[in-house]
Amino acid sequence: MTDVPPPPVPPARATWWQRLQRLPLTMMIASLLAGLGIVQLTFQLGNSVYRTLTWSEETRQTLTRVATLERDVQILQDAVKASRDPSYLRALARCRGFVGKNERVIVASDAPETPPGENCKALRVP
C-alpha cells in the first residue's frame, strides 16, 4: 500500500456552548447601539422642538412688524391725500400760528415772551 496522507480533518463546528458564550458580547454591542440611537433620537427631537419654537416666535415678531409698517404706510398715504385738501392745509397753518390775508393778529398783554409751540394737538391725518 501506499503512503497516502489521511484526508484533512474538517474544522470542528462550534458547539452550542461556544455559541452561547458569544451571546453576552453580542447583547452588549446591540444594547450599546440601541442606547446611542436613543440618545441621537432624543437630541433630534429636542432640536426640532427648539427650531419650531424659535420659528414661531420669529414669525410672530415679523407679522407684528409688518402690521406696524402697513399702518405707517396707511398714515403716510392719508397725509399725501390730505396735502391736496385746501381746508386741511388751512387748519394746519392755523395750528402753526399763521393767520389769513384779511385777518388781524391780536396779542394778549400777558402773552409769554417765548413763542409757543403749535396751537393744536398732533392728530392722525383724517
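None of the values given here were measured: they were computed from a predicted structure. Each residue takes its place number in the sequence, starting with 1. Computed over heavy atoms, backbone and side chain alike; hydrogens, waters and symmetry mates excluded.
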For the [atom1] atom of [X] and the [atom2] atom of [Y], what is their distance to the nearest 0.5 Å?
X     : Y     : atom1 : atom2 : result
Ile38 : Leu41 : CD1   : CG    : 8.0 Å
Leu89 : Phe98 : CG    : CZ    : 12.0 Å
Leu36 : Ser31 : CG    : OG    : 11.0 Å

Taking only distance into account, with no hydrogens and no angle test, what donor-acceptor pairs under 3.5 Å do side-chain atoms of residues 58-69 form with protein atoms, sequence neighbours excluded?
{"residue": "Thr59", "atom": "OG1", "partner": "Trp55", "partner atom": "O", "Å": "2.7"}
{"residue": "Arg60", "atom": "NH2", "partner": "Glu57", "partner atom": "OE2", "Å": "2.5"}
{"residue": "Gln61", "atom": "NE2", "partner": "Glu57", "partner atom": "OE2", "Å": "3.2"}
{"residue": "Thr62", "atom": "OG1", "partner": "Glu58", "partner atom": "O", "Å": "2.8"}
{"residue": "Thr64", "atom": "OG1", "partner": "Arg60", "partner atom": "O", "Å": "2.9"}
{"residue": "Thr68", "atom": "OG1", "partner": "Thr64", "partner atom": "O", "Å": "3.0"}

Name the atoms and distances for all side-chain donor-acceptor pairs under 3.5 Å in residues 99-109, with sequence neighbours left out.
{"residue": "Glu103", "atom": "OE1", "partner": "Arg94", "partner atom": "NH1", "Å": "3.2"}
{"residue": "Glu103", "atom": "OE1", "partner": "Arg94", "partner atom": "NH2", "Å": "3.1"}
{"residue": "Glu103", "atom": "OE1", "partner": "Gly100", "partner atom": "N", "Å": "2.7"}
{"residue": "Glu103", "atom": "OE2", "partner": "Arg94", "partner atom": "NH2", "Å": "2.3"}

Show the atom names and distances, to 0.1 Å, of all donor-acceptor pairs under 3.5 Å that link a side chain in residues 43-52 to residues at least two apart or in another chain.
{"residue": "Ser48", "atom": "OG", "partner": "Gln44", "partner atom": "O", "Å": "3.0"}
{"residue": "Thr52", "atom": "OG1", "partner": "Ser48", "partner atom": "O", "Å": "2.8"}

Pick one: which of Leu32, Leu25, Thr26 meets side chain to side chain contact (heavy atoms under 4.5 Å, CB included) with Ile29? Leu25

